[in-house]
Amino acid sequence: MNAKETVQALMESIQMGNFEKAKSYLSNDFKFSGAVPEPVSGNEWIGMSANLKTAFPDLDYQFNTDGASGDTVNISAQLRGTHKGALDLTAMHLGLIPATGKSFKAAREHGKAMVHDGKVTSLALEPTEGAGLMAILGQLGVKVPAM
């Protein structure tokens, strides 16, 4: 697979909730950044993705690979879903958010994925107004304490 195909396969695995398969596309030193305060490891990112899928069973990433140059793949995603399950944010000291039954549609985010030796080494999203966890929580009407 080329870099674009590898990233596409990773994101399809995440979309389908096949997190073990998704892990197989990540390098041991994978980092996810941009939508979180500090970069996180592959295991942490997979855990976050699984947690989102539990809270939003109909979660749709609307993921696109928008082109590639060598090992760099331009990506975009626009998350939407309905909050039907508990959202576990204890790792962020925000506790367990019970299902609200509300739907959200975040703004489209853009970023880059890097691939080396057939594995995704990083996924970095650009800061985007109306996207990310805080924007989603706002649309759900969840009050977030000041940090």
Side-chain angles (χ1 to χ4, degrees), residues 1 3-68 72-115 119-147:
M1 279 192 279
K4 186 176 177 180
E5 292 167 336
T6 300
V7 172
Q8 186 68 43
L10 168 64
M11 294 314 294
E12 286 174 2
S13 297
I14 293 290
Q15 176 68 58
M16 300 305 296
N18 188 342
F19 301 112
E20 284 305 312
K21 185 173 183 180
K23 282 183 191 179
S24 73
Y25 294 109
L26 302 180
S27 67
N28 290 336
D29 60 349
F30 172 87
K31 292 291 179 197
F32 174 75
S33 62
V36 289
E38 298 290 327
V40 297
S41 71
N43 284 335
E44 291 169 314
W45 182 64
I46 293 291
M48 288 173 22
S49 299
N51 187 15
L52 285 173
K53 193 69 167 171
T54 297
F56 305 95
D58 64 344
L59 184 62
D60 183 358
Y61 287 86
Q62 297 181 26
F63 179 77
N64 291 316
T65 50
D66 300 323
T72 303
V73 180
N74 297 316
I75 59 170
S76 66
Q78 183 176 24
L79 279 68
R80 67 171 64 178
T82 306
H83 190 199
K84 296 181 178 179
L87 178 58
D88 185 356
L89 298 178
T90 54
M92 297 175 65
H93 309 290
L94 296 175
L96 195 63
I97 311 295
T100 63
K102 295 180 181 177
S103 295
F104 77 91
K105 181 180 178 185
R108 181 159 288 279
E109 300 175 273
H110 298 273
K112 296 192 182 308
M114 299 296 297
V115 179
K119 300 282 187 176
V120 180
T121 60
S122 68
L123 184 61
L125 297 175
E126 299 167 4
T128 304
E129 181 81 26
L133 181 60
M134 292 306 148
I136 292 168
L137 292 176
Q139 287 187 35
L140 299 175
V142 174
K143 302 287 184 213
V144 179
M147 297 201 172

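Residue numbers run from 1 in the order of the sequence given.
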Residues in side chain to side chain donor-acceptor pair (under 3.5 Å) with [X], at least two apart?
| X | answer |
| --- | --- |
| S103 | T82 |
| R108 | S76 |
| K112 | N74 |
| D60 | none |

Under the side-chain contact (heavy atoms from CB on, under 4.5 Å) test, residues paired with [X] that sit two or more places apart:
| X | value |
| --- | --- |
| S13 | K21, A22, Y25 |
| A135 | none |
| A86 | L96 |
| P39 | K31, S33 |

Please enumerate all residues that pass ring pair (Phe, Tyr, Trp, His ring centres under 6.0 Å) together with F104, with sequence neighbours excluded. F56
side-chain hydrogen bond (donor to acceptor under 3.5 Å, both in side chains) pairs touching residues 36-47, sequence neighbours excluded, are S41-E44
Pairs where residues 119-128 contributes a residue and the test side-chain hydrogen bond (donor to acceptor under 3.5 Å, both in side chains) is met, not counting sequence neighbours: none
Taking only residues two or more places apart in sequence, or in another chain, which ones meet K102 in a salt bridge (Lys or Arg N to Asp or Glu O under 4.0 Å)? none
Looking at every non-hydrogen atom in both residues, tell me the closest pair between K84 and P57 and how far apart they are. CB-CD, 3.9 Å
Distance-minimising heavy-atom pair for T65 and Q8: OG1-OE1, 3.2 Å
Judged by atom type as modelled, is there a donor-acceptor pair below 3.5 Å linking the side chain of Q15 to the main-chain atoms of L59? yes
Side-chain donor or acceptor of E109 paired with backbone N/O of A131 under 3.5 Å: no
How long is the straight-line distance from CG of L133 back to CG of L137, given to the nearest 0.5 Å? 4.0 Å
